[in-house]
**Q** 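Could you have a look at this structure, given as structure tokens, before my questions?
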2 protein chains.
Amino acid sequence: MSQHRHPGAPGSAGAVPALPDLPEATVARLPEYLRALHNLADTGHETVSSEGLATAAGVNSAKLRKDLSHLGSYGTRGVGYDVALLIEQIESVLGLTQRRAVALVGVGNLGHALAGYDGFASRGFRIAALFDADPGRVGEEINGLVVRHVDELPRVAAEESIAIGVIATPASAAQRVADQLVEVGVTSILNFAPCVLSVPEGVDVRKVDLAIELQILSFHEHRKASLTALPATGGSALTALPGGLAATDSQEAIGT
Amino acid sequence: MSQHRHPGAPGSAGAVPALPDLPEATVARLPEYLRALHNLADTGHETVSSEGLATAAGVNSAKLRKDLSHLGSYGTRGVGYDVALLIEQIESVLGLTQRRAVALVGVGNLGHALAGYDGFASRGFRIAALFDADPGRVGEEINGLVVRHVDELPRVAAEESIAIGVIATPASAAQRVADQLVEVGVTSILNFAPCVLSVPEGVDVRKVDLAIELQILSFHEHRKASLTALPATGGSALTALPGGLAATDSQEAIGT
DNA sequence: AGGCGCTTGTGAAGACGTGCACAAATCGCG
DNA sequence: CGCGATTTGTGCACGTCTTCACAAGCGCCT
Ligand SMILES: NC(=O)c1ccc[n+]([C@@H]2O[C@H](COP(=O)([O-])OP(=O)(O)OC[C@H]3O[C@@H](n4cnc5c(N)ncnc54)[C@H](O)[C@@H]3O)[C@@H](O)[C@H]2O)c1
Ligand SMILES: NC(=O)c1ccc[n+]([C@@H]2O[C@H](COP(=O)([O-])OP(=O)(O)OC[C@H]3O[C@@H](n4cnc5c(N)ncnc54)[C@H](O)[C@@H]3O)[C@@H](O)[C@H]2O)c1
């Protein structure tokens, strides 16, 4: 976690973009806004209201406005937001003006799918290199890229100026791979292996774990089943009627 | 969300689970604790302290204790938690005592990888059916399962009592597939397509979007680069030491 | 039995995130 | 030129989550 908040320079008369220092929750939503905006642009929309964009992104419109207000005032009251301008601004804030090079380590079952995914390219990234430790896989060509041995990582990382590393190896190898990535200067890692990675301060790790997602769904499934099964709670008072239609739970949005 | 648990009956002679109604943030972490606990059990540990488990799960120990306290008091002061007992409790709360059936729709690039993934089975789930709309793929056998046409979903869903649907189709087809899943009674969906799904109240959707993860990393990468470029802010400090060996295990955990 | 060290469980405080509600700003039109 | 319709940007209150700090409980050793 980044904790050191520089207290000084509040007004900050800086003329430059000035690093807005966005709330983390906002950062996590910006990509979704960006995707929705691209959809709108592709369908010919020139402007969009906060209400419209919020619906397209699946969030509350007040939240969307507050999020965007952190980037500056790029909307026009009474009109809405200019789609092209907003795309530009969000991409700028997310650092997508340069196409970042991604290295994928572990070209197995999952790695193959990722290597062949074109959603990377269309959203600001370039798979620059594939690595594996299995000699049987080295040399294989996927989508125009040759799989290299992981020992070549230092050389290739320098050549391609890798910005982000993706780990798709078994969990047992993930920490070692992470160490190797850090060693060659990678400071952002996306980890698909089901394990906790230990990295130096300053290195960011995000984790995607499919089984965890399913287990969270399982919890809610379990809870829903229990609720309809035995609606009587405690011993007295509040006799939540089992009608089944009186579901008070509002929007079902779970987690982030 | 309601939080008031029954005020009386502290000893709680109740033998039944009793629906703890956990905070969502806690639910999202329980699977990680569970995974860490299984690792501990496999390496012969019988008990573990909150500190130890917290480290293994990559969280703060106070947070872990508070999370576990929501399930009840399953620890022993001065000793720690019984690993086997805690596994049992967490699995019970998450509804993993029954092996839930999962249907995977869209057996393309990504779908193939998911269908062949054994991490499902070992963590409480069973891939019960594969579906695709492409006649060319229907009939193909993957990992012992035959790909069926998506039109067979109603029949198969009933036969296998599908609990969770996984969508791995292109975004353009995702909403239609979601509708079909809801239609046959599925109330939990894991969506890999980069789009917002609209579902009725009572249906839970979780989304995994690889490009979003990368873009969030990109933001932090961008910010880190800007900071080192112009460190004039405040007193600066933090001169990222290149040594590389001073790995403080302070995880950089971003977002959730 | 009693004391000591260790660990849990939790109250309290603060940080963070959310959503309402409304003033301010802008456009279009008569 | 002014007015009403529309939509942004934000102050404020509320709820959720995190973290600290410590009393209470437990086992072990003397
Ligand atoms: N397949 C899926 O759908 C899926 C889903 C979620 C998570 N995961 C996780 O993703 C990871 C990969 O899964 P998979 O199914 O592709 O496994 P896999 O065994 O098919 O592929 C792993 C690949 O990593 C390579 N590898 C092993 N050690 C390495 C090292 N030190 N350096 C470089 N490469 C190395 C192996 O040679 C292999 O090619 C696993 O941790 C798995 O738990 C997979
Ligand atoms: N491949 C990846 O690594 C990756 C990563 C992240 C996200 N995604 C997303 O996952 C989804 C699938 O990606 P992919 O690379 O596997 O695509 P793909 O084109 O290889 O596979 C899509 C499959 O869905 C099937 N399909 C299409 N319409 C259908 C329908 N109505 N019902 C049932 N099946 C249908 C197609 O026949 C095809 O087999 C896409 O939305 C993609 O954006 C993929």
Side-chain angles (χ1 to χ4, degrees), chain A residues 1-5 7 20-30 32-33 45-83 85-86 89 248-256, chain B residues 1-5 7 10-12 20-30 32-33 45-83 85-86 89 250-251 253-256:
Chain A
M1 300 285 211
S2 63
Q3 59 278 55
H4 294 283
R5 218 19 95 219
D21 195 17
L22 310 169
E24 193 56 37
T26 295
V27 173
R29 283 187 294 263
L30 287 181
E32 195 70 54
Y33 302 157
H45 296 72
E46 301 225 328
T47 63
V48 63
S49 69
S50 65
E51 196 69 47
L53 182 52
T55 301
V59 302
N60 176 303
S61 70
K63 194 177 345 193
L64 179 133
R65 286 199 298 278
K66 186 151 292 186
D67 282 341
L68 294 187
S69 76
H70 286 121
L71 316 186
S73 276
Y74 295 109
T76 308
R77 295 173 191 228
V79 178
Y81 299 89
D82 181 287
V83 172
L85 175 61
L86 202 48
Q89 289 303 324
T248 55
D249 298 292
S250 53
Q251 183 63 348
E252 210 66 21
I254 302 176
T256 303
Chain B
M1 299 296 181
S2 60
Q3 60 278 57
H4 293 282
R5 214 59 332 247
S12 171
D21 194 19
L22 311 168
E24 194 55 37
T26 296
V27 174
R29 282 187 294 264
L30 286 181
E32 194 70 55
Y33 302 157
H45 297 73
E46 301 224 327
T47 63
V48 64
S49 69
S50 66
E51 196 67 50
L53 183 53
T55 301
V59 302
N60 177 304
S61 71
K63 193 178 343 192
L64 179 133
R65 285 199 300 277
K66 184 147 289 187
D67 282 341
L68 295 186
S69 76
H70 287 121
L71 315 187
S73 275
Y74 294 109
T76 308
R77 295 173 191 230
V79 178
Y81 299 90
D82 182 289
V83 172
L85 174 63
L86 202 47
Q89 288 304 323
S250 60
Q251 188 80 326
I254 304 175
T256 302

**Q** Please give, in whole Å, the distance from D:dT10 P to A:L71 CG?
**A**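 Roughly 12 Å, once rounded to whole Å.
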**Q** Tell me whether the side-chain N or O atoms of A:R77 pair up with the base of D:dT8 as donor and acceptor below 3.5 Å, since no angle test is needed here.
**A**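 Looking at the base of D:dT8, it does pair with a donor or acceptor on the side chain of A:R77 (distance under 3.5 Å).
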**Q** By nearest atom, which of the nucleotides C:dC20, D:dT7, D:dC17 is closest to the B:A25 side chain?
**A**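 When the side chain of B:A25 is considered, D:dC17 is the closest of C:dC20, D:dT7, D:dC17.
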**Q** D:dT19 P sits how many Å from B:D67 CG, rounded?
**A**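 Rounded to the whole Å, the gap is 11 Å.
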**Q** Rounded to whole Å, how long is the line connecting atom NE2 of B:H70 with atom P of C:dT8?
**A**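 Result: 16 Å.
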**Q** How many angstroms lie between CZ in A:R65 and NE2 in A:H70, if you round to the nearest 0.5 Å?
**A**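 If I round to the nearest 0.5 Å, the distance is 13.5 Å.
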**Q** Taking only side-chain nitrogens and oxygens of A:Y81, does any of them come within less than 4.0 Å of OP1 or OP2 of D:dG9?
**A**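 Checking D:dG9 against A:Y81, a side-chain N or O does come within under 4.0 Å of OP1 or OP2.
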**Q** Could you tell me the separation between the CG atom of B:L53 and the C1' atom of C:dT7, rounded to a whole number of Å?
**A**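 Distance check: B:L53 CG to C:dT7 C1' gives 14 Å.
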**Q** Is a donor-acceptor contact shorter than 3.5 angstrom present between the side chain of B:K66 and the base of C:dG9?
**A**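 Between C:dG9 and B:K66, which were checked side chain against base, a qualifying N/O pair under 3.5 Å is absent.
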**Q** Which whole-number value in Å describes the distance from B:L85 CG to C:dT8 P?
**A**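 These atoms are roughly 14 Å apart.
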**Q** Nearest whole angstrom, please: distance from the C1' of C:dT8 to the OH of B:Y74.
**A**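 The answer, rounded to whole Å, is 15 Å.
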**Q** Can you check whether A:R65 has a side-chain N or O nearer than 4.0 Å to OP1 or OP2 of C:dC20?
**A**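 Negative; the distance criterion is not met.
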**Q** As a test of reading the structure: which of C:dG19, D:dT7, D:dT10 is closest to the side chain of A:S49, going by heavy atoms?
**A**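 Ranking C:dG19, D:dT7, D:dT10 by closest atom to the A:S49 side chain puts D:dT7 first.
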**Q** Of B:P23 and A:V79, whose closest DNA chain D nucleotide lies nearer the 5' terminus?
**A**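 On the 5' side of the pair lies A:V79.
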**Q** Starting from the 5' end of DNA chain C, give me the residue, A:T76 or A:A62, whose nearest nucleotide shows up first.
**A**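 Checking each residue's closest nucleotide, the 5'-ward one belongs to A:A62.
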**Q** Rounded to the nearest 0.5 Å, how far does CG of B:L64 lie from OH of B:Y33?
**A**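 Between atom OH of B:Y33 and atom CG of B:L64 there are 4.5 Å.
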**Q** In whole angstrom, give the distance that lies between atom NZ of B:K63 and atom C1' of C:dC16.
**A**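 My rounded result for the distance is 12 Å.
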**Q** Rounding to a whole Å, what distance do you find between A:L68:CG and D:dT7:P?
**A**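 Those two atoms, CG and P, are 16 Å apart.
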**Q** What is the distance from atom CG of A:L30 to atom CG of A:L86, rounded to the nearest 0.5 Å?
**A**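 Answer for the CG-CG pair, A:L30 versus A:L86, is 9.0 Å.
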**Q** Look at A:N60 and C:dC20 and indicate whether a side-chain polar atom (N or O) is within less than 4.0 Å of OP1 or OP2.
**A**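 For C:dC20, OP1 or OP2 has a side-chain N or O of A:N60 closer than 4.0 Å.
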**Q** Any chance you could measure A:L22, atom CG, to A:D67, atom CG, to the nearest 0.5 Å?
**A**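 That separation rounds to 8.5 Å.
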**Q** Can you tell me if the side-chain N/O atoms of B:S50 get under 4.0 Å from OP1 or OP2 in C:dT8?
**A**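 Result: yes.
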**Q** C:dG9 phosphate, OP1 or OP2: any side-chain N/O from B:S73 under 4.0 angstrom?
**A**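 Checking C:dG9 against B:S73, a side-chain N or O does come within under 4.0 Å of OP1 or OP2.
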**Q** If we only count heavy atoms from C-beta on, is the B:L68 to B:Y74 side-chain gap below 4.5 Å?
**A**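 Counting from C-beta outward, B:L68 and B:Y74 never come under 4.5 Å.
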